[in-house]
Amino acid sequence: RDWSSDVCSSDLQAICSGNTITPILQSGAVTGTVFNWTRDNLVNVTGIPASGTGTISGSLVNGTALPQLVNFTVTPQANGCTGANAVATVLVNPRPSGLLSSSTTIICQGSTVLLTATGGNSYQWYLDGQPIAGATGATYNASQPGVYTAQLISTAGCTNMASNSITLTLITKPAAEFRSEEHTSE
């Protein structure tokens, strides 16, 4: 039997942790071929089971801070014969994780507070749940009161929100007022 015409629909794909893979489909020239599969890297990557039959689908979760490869080995079987294995690989990129910090949570009227984000390659800052146009660096000079959050973006394009937020409270600048009292001389 020539098994060379048996194929997997995907030889390599990359996803972000927690995302669904593009289904890996198998096909072959022999009617009734069964495609059994197993996968590796069960400790660092969870989600899709260790083995199955037919189409491979579902999501994979990378439990580490480093990219992880998952190899799906597909074995075709028909009429008591076993064909050559085919391997489809999924690169599971981790989602970034990080924190926001600031030196203070009070913003004086007319001034700014420097906010800093860690854990990403690039960022998108938000004020009260709305993206701040052009605020894509690791730091942001906040001039408005409200709740600041940031989306962290990895070099692989995976995203995650920072694990905390910063609430800035506006304090009105104090002003000195002078008033004079009239004195009468007698």
Side-chain angles (χ1 to χ4, degrees), residues 1 3-101 116-126 128-132 135-138 147-166:
R1 150 81 175 110
W3 295 91
S4 62
S5 62
D6 293 327
V7 295
C8 288
S9 64
S10 174
D11 291 331
L12 176 64
Q13 59 179 289
I15 65 166
C16 295
S17 180
N19 286 5
T20 302
I21 68 168
T22 300
I24 300 169
L25 309 172
Q26 303 89 27
S27 63
V30 177
T31 302
T33 299
V34 174
F35 296 92
N36 296 308
W37 54 265
T38 60
R39 78 170 184 93
D40 63 5
N41 203 349
L42 297 168
V43 173
N44 294 332
V45 180
T46 60
I48 297 174
S51 62
T53 300
T55 299
I56 304 168
S57 62
S59 62
L60 293 169
V61 176
N62 180 348
T64 75
L66 299 172
Q68 297 290 313
L69 289 174
V70 176
N71 295 301
F72 291 92
T73 302
V74 179
T75 305
Q77 295 178 326
N79 304 318
C81 296
T82 299
N85 292 339
V87 177
T89 302
V90 179
L91 173 64
V92 186
N93 290 299
R95 291 197 181 272
S97 64
L99 297 170
L100 305 182
S101 63
T116 303
T118 61
N121 183 60
S122 61
Y123 304 86
Q124 175 59 61
W125 287 90
Y126 292 79
D128 295 329
Q130 298 300 313
I132 303 168
T136 57
V147 178
Y148 287 84
T149 56
Q151 182 182 54
L152 316 175
I153 306 164
S154 72
T155 55
C158 299
T159 62
N160 205 13
M161 296 304 288
S163 58
N164 65 319
S165 61
I166 295 176

For residues 44-61, which side-chain donor-acceptor pairs fall under 3.5 Å, sequence neighbours excluded?
residue, atom, partner, partner atom, Å
Asn44, ND2, Gln68, OE1, 3.1
Thr53, OG1, Asn36, OD1, 3.0

Partner set under side chain to side chain donor-acceptor pair (under 3.5 Å) for [X], not counting sequence neighbours:
{"X": "Arg39", "answer": "none"}
{"X": "Ser122", "answer": "none"}
{"X": "Asn71", "answer": "Asp40, Thr89"}

N/O donor-acceptor pair under 3.5 Å between Asn62 side chain and Val92 backbone: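 At least one qualifying donor-acceptor pair exists.
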Got a sec, which residues hit side-chain contact (heavy atoms from CB on, under 4.5 Å) with [X], two or more places apart in sequence or on another chain?
{"X": "Ser154", "value": "Pro96, Ala156, Cys158"}
{"X": "Ser163", "value": "Leu99"}
{"X": "Thr155", "value": "Asn121"}
{"X": "Leu91", "value": "Ala14, Pro67, Leu69, Asn93"}

message: Measuring from atom CD of Gln130 to atom OG1 of Thr149, what distance do you get when rounded to the nearest 0.5 angstrom?
response: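 Rounded to the nearest 0.5 Å, the CD-OG1 separation comes out at 10.0 Å.
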- prompt: Between atom CE of Met161 and atom CG of Leu152, what is the distance when rounded to the nearest 0.5 Å?
  reply: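 Rounded to the nearest 0.5 Å, the CE-CG separation comes to 7.5 Å.
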Determine the minimum heavy-atom distance between [X] and [Y], stating which atoms define it.
{"X": "Leu100", "Y": "Ala150", "result": "CD2-CB, 3.7 Å"}
{"X": "Gln124", "Y": "Pro131", "result": "NE2-CB, 3.8 Å"}
{"X": "Ile166", "Y": "Ser101", "result": "CD1-C, 3.4 Å"}
{"X": "Pro76", "Y": "Phe35", "result": "CB-CE2, 3.7 Å"}
{"X": "Pro94", "Y": "Thr64", "result": "CB-O, 3.4 Å"}

task: Determine whether Gln26 and Thr75 make a side-chain contact, defined as any pair of heavy atoms from C-beta on separated by less than 4.5 Å.
output: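 Answer no - side chains too far apart.
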task: For Tyr126, check ring-ring contact (aromatic ring centres under 6.0 Å, His included) against everything at least two apart and list the hits.
output: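 Applying ring-ring contact (aromatic ring centres under 6.0 Å, His included) to Tyr126 gives none.
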query: Any ring pair (Phe, Tyr, Trp, His ring centres under 6.0 Å) pairs touching residues 37-87, not counting sequence neighbours?
result: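 Pairs touching residues 37-87 that pass the test: Trp37-Phe72.
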